[in-house]
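Here is the structure we will look at, set down as structure tokens.
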Amino acid sequence: MNSKKTILIFILLIFLLVLLFLADLLTGPVHIPLKEFFHMLSGKDAVSDINRTILVAFRLPKAITALMAGAALSVSGLQMQTIFRNPLAGPYVLGISSGAGLGVALVVLGFGSVFSGHEISYLGNWVQIMAAWTGSALVLFIILLVSVKVKDIMTILILGILFGSAASAIISILQYFSQQTMLKAFVIWSMGNLGSLSVRQLYVLIPCILAGLLMSMIQVKQLNLFLLGETYAKSMGMNIRISRILVFISTSILAGSITAFCGPIGFIGIAVPHVVRLILNTANHRILIPGTILTGAIVLLGSDIISTIPGRDVILPVNSVTALMGIPVVIWLIVKNRRLSSLN
Amino acid sequence: MHKEILTTKSLSIGYEGGGKNQKRLFSGLNLACRKGEIIGLIGRNGSGKSTLLKTLAGIIEPLDGNIFINDLSIKGFKRRELARQVSFVSTEVPVIPNLSVSELVSLGRYPHTDWTGRLSPEDIKQVNISIDQVDVGYLSGKPIAEISDGERQRAMIARALAQDTRIMILDEPTAFLDLPNKYEILRLLNHLAAKKGKAILFSTHDLGIAFHEADKIWLFLDENIITGAPEDLILNKKFFKLFDNSSLTFDLVKGEIRPERSFTGKLGVSGEGILKLWTVRALERIGIEAVDKDQELNLSIDDIDGELLWRLNDYKTELIFHSIYELCLHLKTIIN
């Protein structure tokens, strides 16, 4: 691919990103006139206090969260597809979302009988976030422990899936014995939500995501070599274990943080990297990672706009929207390429 | 005479694994490879060729003993230092969509670039030289998923060349290739050894090719590895050990390997040179031994102005065939 075309695509992606970011700010149950919106952007005061609050305290954090989550999940999906050389790998193959889910389930369902629902919501969602984080960190820790001992990457993949299943099984047990209100709180968490973050929480989320993305970009050289498989990577002097662990840590920070704050958001991480490979026509992570960051953010902002159903005051769970958008992409890729194994 | 560049001292190879899981394939190996030399590794399936090659390339740890490059133990090498001395082409030829030939070859510069992996002008020059050396310049912008198996194998060799190492190790580089491609790859390796002074080790199941193109053979037998020029191994009969417990024999005169035959009938054959040679081969295949004429049944082969005729004669009647295929069809009905 010539570099001129690549640059053009990047300009287009950035343009789309800005456009969708603004569109996301504009959509929501409350209608904010376009004129007022631009007045605010240009710093004029001719905006009602309510609309200002809606924009600054609700829609702006939500749009930034969508941007961060889209970028983070897509990059971690790309990393997992590369390192496992498997086109169906995603940010959650290591069991990170199940770990987070288990953490949340333990707090919401397990201790739900100790606290009342009201008390939990009073503690703010920080408890929930910390629980999710701890859960995914625990899974990461187990995976890292395994990857120090186990050489075969496929064994790690299978163990990741098994840990995830084990966590899901425990969640099921907790669900079975929990009260209705707690169950609902957990189910809502598991549907994903981009709009629950406060500005203060963003101050925590943003550095985490930037750190994860930076780690990923530092690993460009190693990720490219992982494409050829570990035997070749080793024969060219790469330290497989360290590189693998760094990629796992980066993936866990990215996917773990997003899952902790927003709940599990599916299919973005699997579908976006494929779309990016297709439009940029390259396997080089130096181009793929920035492309994936932009496209992931665009897709999740788009999903968020769809989920608010412009003109109505109903909001769909964002997880359903990403699934309904992502699954056709994956199906299309499978049908188009016939052989799934050639997708990565 | 060139200096030995790669040597092993009391090397033991096999698979690691705690206690009983350890599988030791060979012990006490003292092997050597010189600069500019091309060595073919030959042995039955599972004889340990891949394991030895991977051990020499630093991918598998030796169980015991030591490997030296220019008299320096590779234990003292850092990963990247070793990767600048030894390159490896495995049996696995990855098919990665959207990866172009030149991008693939560039990956070979890994041990030479800094942490960002950016290619310097020197790196780019080396990549282009490598692509030219294997004659895939016309493919450099093409995705590796869209080129032929032979071309892809060349690209993989170019990647190893870009690594700019003095030792190249290739595990079955000619597997899955058609005959012209097999010879092309070997001629390329031969050229790299002779002209660029590289030490090249490759494993193969194509005995004919290995015997034609390798300077030296490492013959993997059950107990040990025997080395020597291909012709030495034939003359000292070590080579025949490869066919122990198999139904194959090696024809010392023709230099070809073929299945051992048991015959169910005899046929007197008379004819000239090549015509007779190929007819006899067909007869042997269907289990008929070709002997001198004056048998109960005789065959004479004639070339009458370019028309080939096989006359089958039992003193009473004569049958004429226009092809070996027809002849064999008829003979099969007689012997069964």
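Note: hydrogens, waters and symmetry copies are ignored here, and every other heavy atom, side chains too, is used. This is a predicted model, so every value here is computed, not measured.
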Measure distances from [X] to the heavy atoms of chain A and classify the residue's part below 4.5 Å as side chain, backbone, both or neither.
| X | result |
| --- | --- |
| B/T113 | both |
| B/D171 | neither |
| B/R84 | neither |
| B/L104 | side chain |
| B/V86 | backbone |

**Item:** Residues forming a side-chain hydrogen bond (donor to acceptor under 3.5 Å, both in side chains) with B/S87, sequence neighbours excluded
**Value:**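 Partners of B/S87 under the side-chain hydrogen bond (donor to acceptor under 3.5 Å, both in side chains) test: B/T165.
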Work out which heavy atom in [X] is nearest to a heavy atom in [Y]; give both atom names and the distance.
| X | Y | result |
| --- | --- | --- |
| A/R85 | B/P94 | NH2-CB, 3.7 Å |
| A/Y232 | B/E92 | OH-O, 3.0 Å |
| A/T282 | B/E103 | OG1-OE2, 3.3 Å |
| A/A283 | B/P97 | CB-O, 4.0 Å |
| A/R286 | B/R118 | NH2-N, 3.7 Å |
| B/I59 | A/K234 | O-NZ, 3.0 Å |

**Message:** Ignoring hydrogens and geometry beyond distance, is a side-chain donor-acceptor pair present between A/K221 and B/T116 at under 3.5 Å?
**Reply:**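 A/K221 vs B/T116: no donor-acceptor pair found between side chains.
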**Message:** Whether the B/Q163 and A/S235 side chains hold a donor-acceptor pair (N or O, under 3.5 Å, no angle test) is what I'd like checked.
**Reply:**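 There is no such pair (donor and acceptor under 3.5 Å, judged by atom type) between the side chains of B/Q163 and A/S235.
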**Prompt:** For B/F220, which residues count as a ring pair (Phe, Tyr, Trp, His ring centres under 6.0 Å) partner, sequence neighbours excluded?
**Reply:**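 Ring pair (Phe, Tyr, Trp, His ring centres under 6.0 Å) check on B/F220 returns B/F26.
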**Asked** Is any side-chain heavy atom of A/L228 less than 4.5 Å from a side-chain heavy atom of B/I96?
**Response**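 The answer is yes, as the side chains (C-beta and beyond) meet within the 4.5 Å cut-off.
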**Request:** Give the C-alpha distance, both sets of side-chain angles, the deciding distance and a yes or no for side chain to side chain contact (heavy atoms under 4.5 Å, CB included) between B/Y110 and A/Q222.
**Result:** CA-CA 9 Å; B/Y110 183 94; A/Q222 283 78 0; 3.5 Å; yes
**Prompt:** chain B: which of A/E230, A/M238, A/Q219 shares the most heavy-atom pairs with it under 4.5 Å?
**Reply:**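 Max contact count across the listed options: A/M238.
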**Asked** Among A/N239, A/N284, A/N224, which residue forms the greatest number of heavy-atom pairs with chain B at distances under 4.5 Å?
**Response**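 Most heavy-atom pairs under 4.5 Å with chain B: A/N239.
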**Message:** Just checking B/E81: does its CD atom have more than 12 heavy atoms from other residues, nucleotides or ligands closer to it than 6.0 angstrom?
**Reply:**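 Count over threshold, so yes.
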**Item:** chain B contact via A/M217 - side chain, backbone, both or neither, heavy atoms under 4.5 Å
**Value:**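 Neither part, no heavy atoms under 4.5 Å.
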**Item:** Residue, of B/L107, B/L99, B/V93, that accumulates the most heavy atom pairs under 4.5 Å with chain A
**Value:**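 Highest number of pairs under 4.5 Å: B/L107.
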**Asked** Which of the residues B/L82, B/V89, B/I60 is involved in the greatest number of heavy-atom pairs with chain A at under 4.5 angstrom?
**Response**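 Ranked by heavy-atom pairs under 4.5 Å with chain A, first place is B/V89.
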**Request:** Under the side chain to side chain contact (heavy atoms under 4.5 Å, CB included) rule, what do B/R80 and A/M236 come out as? Steps first, then yes or no, please.
**Result:** CA-CA 7 Å; B/R80 278 163 63 111; A/M236 286 186 249; over 6 Å; no
